[in-house]
2 protein chains.
Amino acid sequence: MRYRVGLETRTRILEATRDLVAAQGLEKTTIKAICEKAGILVGSFYNLFESKEEAILTVVADAIRAVGPEDEEATLHELVDAYVDFVEKSETTARVYLMVAVSGGLTDEGIRARMLRHHERRIELFGRALRTARPDMPEEEVRQRVEGLLAALNGMAFHRLLDPSFDFRSYARALLQIGA
Amino acid sequence: MRYRVGLETRTRILEATRDLVAAQGLEKTTIKAICEKAGILVGSFYNLFESKEEAILTVVADAIRAVGPEDEEATLHELVDAYVDFVEKSETTARVYLMVAVSGGLTDEGIRARMLRHHERRIELFGRALRTARPDMPEEEVRQRVEGLLAALNGMAFHRLLDPSFDFRSYARALLQIGA
DNA sequence: GGCGACTTTGAGTGATCATTCTAATTTGAT
DNA sequence: ATCAAATTAGAATGATCACTCAAAGTCGCC
C-alpha cells in the first residue's frame, strides 16, 4: 500500500466492513460481502489485508478509539455527555463498539484482549472523575459504582440505537445521581 | 418423536444448543458442534428438528420464557429482584437471553419478532407497576422511564455475567430511585 | 516514456457449512 | 415374539466460506 489508489481502496474496505459488521454482526460478515460493497474483487482485499480478521480488528480498534477523548481532567458529567455524543453522532461506529463491548468478542482473542484493555482504561478514567467529586468514597466502592454506571450506560446506548426516540442524554445524566 | 429415547435426545440437543449459543453466539454455533456435544450424529438431529434455525429458535424462546413470571400484580421492586434472580441463578440461559435482547436477532426474522413481542410485554409489565407506584406520572414519561430502566438493567446484567463479583442486586435496586 | 513496484483481476483450492437419504437398529404396543 | 413406527448411523451433496496465485494492468519516480 504505497500508492494513492491503494489507500483509497483500503478506506473503502474498512467502511464496507464497518457498515456490514454494524448491520449483521461480526460472524455473518463475509469477505464476499465486504468486497461487493467496496466495489472490488477478493484479490484486492488480500493485497491490502492479511485476513478477514485483520480488517475486522482494524474496524473494532477504530471504533474503540472513537469512543472517548480520554481527557484525564474531565468531570463525570462531561464524560457521560461525551459518550452520549459519540453514540448519537456516530451511530454505525457506536453499534460496532457496543456489539463488541457487550459480547466481549466471544471468539476472537485479539478483539477480546483489546476490549478488555479499553474497559480497564474507562474504569480508570471514570474512577478518577468520581474520586475527584467524592474524595471520601472508599476505593472499592468507587470501582463498583463506576462499573455499574458504565454497564448501565452501555445498556441505554444499545436501546438508543434500537429506538432513536429514546432520550438517552436525560437518562444518562440521571444515572449520575446514583453513580456520584 | 413418540418414543422415550427421542424425547431424551431432544432434551440433550437443546441443552447442547443452549450451552454453545451462550459460549460462542448464534452464528458460530454449528450443527456439527451441537451433535458432538449431545453425543449424536446429524441424522438424529434432523429426525427431531427441521433445521438448525428451529433448534436455536426453541432455545431462544425457552430463554425468553425463563425471564419472568409475568406477575401482573408485582411491584417494581419485585420485578427488578426477580430479574436479578434470573440472571444470577440461570447464567447460561441469561446469557442467551441477553445476547438476543441486545443484538435483537440481527439476521433471523423469527428470533427478532419474538424478542420484539417480549420487549413490549416487559414494558407493559414494568409500566403497570410504575403507574401503580406513581399514579400521577404522565403516560409518556412512564414509558420512557421504563425503557430506560430496562435498558440499564440489561446492561448491568451483561456486566454481571462478565464479572461475577459485580453487585448486580444493589445497583439494580439503586436504579429504582431514578426509575420510580 | 521507461520501468520497477504496486494494484487488480478472477478462476481455483480445500475446508466447512447445513441438509438429505437409505439402510440398519431400537422401541413398545399388541 | 411380532411388527410397524420411531430412531440412529453415517456417507453424500451442493453451497459457501476464507484464502491463493499468476497474469494483466496501473502508478509515479526517473
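Every chain is numbered from 1, with letters handed out A, B, ... down the list of sequences.
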Output yes when at least one side-chain N/O atom of T9(A) is less than 4.0 Å from OP1 or OP2 of dT7(C), else no.
no
Report yes if at least one side-chain N or O of R2(B) is closer than 4.0 Å to OP1 or OP2 of dA5(D); otherwise report no.
no
E139(A) and R131(A) ion-paired at < 4.0 Å: yes
Between D167(B) and R160(B), does at least one N-O distance fall below 4.0 Å, as a salt bridge requires? no
Self-check item: Hydrophobic cluster membership, L116(A) vs V102(A), 4.5 Å side-chain cutoff
Solution: no
Give the ring-plane orientation class for Y171(A) versus F166(A), where under 30° counts as parallel, over 60° as perpendicular and anything between as tilted. parallel
Between OH of Y46(A) and C1' of dG10(C) the distance, given in whole Å, is 14 Å
I56(A) atom CD1 is separated from dA18(D) atom P, nearest whole Å, by 9 Å
| said: So G6(A), base contact, sugar-phosphate only, or nothing? Heavy-atom distance under 4.0 Å. | reply: sugar-phosphate
Can a donor-acceptor pair under 3.5 Å be found between the side-chain atoms of Y3(A) and the base atoms of dG4(C)? yes
Note to self: Would you say that D85(B) contacts R169(B) through its side chain, given a criterion of any heavy-atom pair below 4.5 Å between the two side chains?
What the structure shows: yes
Greater than 12 external heavy atoms within 6.0 Å of E54(B)'s CD: yes
Within residues 14-40 of chain A, the residues having a heavy atom closer than 4.0 Å to DNA chain C are none
